[in-house]
**Q** 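Mind looking over this structure? Questions follow.
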Amino acid sequence: MIAKKQELTTAMMDSISNVLETMFFLPMDFISSESATKLWSERSRQIQTVKIGFSGPFSGFLALLIPVRLAENITADFMGLDQTEITKDHVNGTTKEIANMILGNIFSKYDDQAVFNLEVPEIISNANYKDLSPCQENELLFCVDTLDDHLAIKMIIDS
Amino acid sequence: MAYNILIVDDSFPMRAVIKKVIKASGFDVGKFYEAENGKNALNVLNDEWVDLIISDYNMPVMNGLEMLESIKKNDMFNSIPVVMVTTEGSQQRIEEFFKSGAADYIKKPFTPEQIKSKLVMIMGETENDSEETGIDNSDDGLDF
């Protein structure tokens, strides 16, 4: 793996907490992947996945895995709308924005001299990311407790 | 003075939030226009009077930098200040924005205070001029 893992880990943790707390007003704590997997499987969550590819000094993609109900709550708060007013497009737009902001911030914290190109975020249906463990050598995974529920952010580095 | 602002972003929620943040900041706005990519933004400029553009960088069809370059090459529009909004903080990218003629940039995540202070600076108003318009929380539940 070309990326410096420790620096990338620190950048990811800083970025995730900065974006979720500053822009989405979400109190949060990092938790183990086992806790997130356990909760999601116990309650049979419907999970939405957003994927963004990137290229630069190293390339790969970032995936945001978020329970649909939590995504709806965040969207309503973010847009200042009632739950009944939000649409699927609003939710998709908001979750793409979360993933995009987190990824962009990761790279500016990791190395502000390097240029990474971010692809346009996409919603992945039927993605098989529900099993969050074990984490492979080329993966970084962070699970987050938001009080309401858990979400996960995974980066997979291809080269 | 009230300014017409064009917000360019492929994310509808993000356009809505930028609009709400500007309203909540008390900045004096005439009309808001919206476009979901650079190409649509150029179409809006052909049809409407716009005083200020706030644009995302990463968009499909035509990204923010390509749009900025087109605007600066066009004698009709090249005096309109363009503020880039981006998640990316690489020095090289920011230099590209300025070289292409951006008036400034705002990094996401942002606070309403950061937005207001940039807009006030760019449009040459004082904070007091802007505050005289009051804070508009009329139609949203924004908790900033």
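By convention in this document, chain letters (A, B, ...) are assigned in the order of the sequence lines, proteins followed by strands, and residues within each chain are numbered from 1.
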**Q** What closest approach, in Å, do A:Ala114 and B:Ser90 show between heavy atoms, and which atom pair accounts for it?
**A** O-CB, 2.9 Å
**Q** Check B:Ser11 against A:Gly93 and note the closest heavy-atom contact, atom names and distance.
**A** OG-O, 3.7 Å
**Q** With a 4.5 angstrom heavy-atom cut-off, could you sort out which part of B:Asn63 is near chain A: side chain, backbone, both or neither?
**A** neither
**Q** Out of curiosity, does B:Ile106 fall in the hydrophobic cluster containing B:Phe97 (side-chain heavy atoms, cut-off under 4.5 Å, transitive links)?
**A** no
**Q** Using heavy-atom distances under 4.5 Å, tell me whether A:Phe24 contacts chain B through its side chain, its backbone, both, or neither.
**A** neither
**Q** Regarding A:Asn105 and B:Lys107, do their side chains bring together a donor and an acceptor under 3.5 Å, going by distance alone?
**A** yes
**Q** Under the side chain to side chain contact (heavy atoms under 4.5 Å, CB included) criterion, do A:Glu97 and B:Asp9 qualify, and how do the steps go?
**A** CA-CA 11 Å; A:Glu97 199 56 49; B:Asp9 199 308; 4.3 Å; yes
**Q** Set out, in order, the CA-CA distance, both residues' side-chain angles and the distance that settles side chain to side chain contact (heavy atoms under 4.5 Å, CB included) for B:Val17 and A:Met23, then state yes or no.
**A** CA-CA 10 Å; B:Val17 166; A:Met23 200 83 203; 4.3 Å; yes
**Q** Write down the atom of A:Ser108, the atom of B:Thr87, and the distance for their closest heavy-atom approach.
**A** OG-O, 4.4 Å
**Q** Hey, what do you get for CE (B:Met14) to CZ (A:Phe78), rounding to the nearest 0.5 Å?
**A** 4.5 Å
**Q** Would you say A:Ile157 ends up clustered with A:Ile153 if hydrophobic residues are merged whenever their side chains have heavy atoms under 4.5 Å apart, either directly or through other cluster members?
**A** yes
**Q** Rounded to the nearest 0.5 Å, what separation is found between the CD1 atom of A:Ile98 and the NZ atom of B:Lys108?
**A** 12.0 Å
**Q** Name the region of A:Asn117, side chain, backbone, both or neither, that has any atom closer than 4.5 Å to a heavy atom of chain B.
**A** both
**Q** Roughly how far apart are A:Lys96 NZ and B:Phe12 CZ, rounded to 0.5 Å?
**A** 14.0 Å
**Q** Are B:Val50 and B:Phe77 connected, step by step, through hydrophobic side chains (Ile, Leu, Val, Met, Phe, Trp, Tyr) whose heavy atoms are closer than 4.5 Å?
**A** yes
**Q** Heavy atoms only: give me the nearest A:Val115-B:Arg93 pair and the separation to one decimal.
**A** CG1-NH2, 3.6 Å
**Q** Which value, rounded to the nearest 0.5 Å, describes the distance between A:Asn100 atom CG and B:Thr86 atom OG1?
**A** 8.0 Å
**Q** Establish whether B:Met59 and B:Val85 are linked, either directly or via other cluster members, by ILVMFWY side-chain heavy-atom contacts under 4.5 Å.
**A** no
**Q** Hydrophobic cluster membership, with links at side-chain heavy-atom distances under 4.5 Å among I/L/V/M/F/W/Y: are A:Phe30 and A:Ile66 in one?
**A** yes
**Q** Would you find more than 12 non-hydrogen atoms of other residues, nucleotides or ligands less than 6.0 Å from B:Tyr105 atom OH?
**A** no
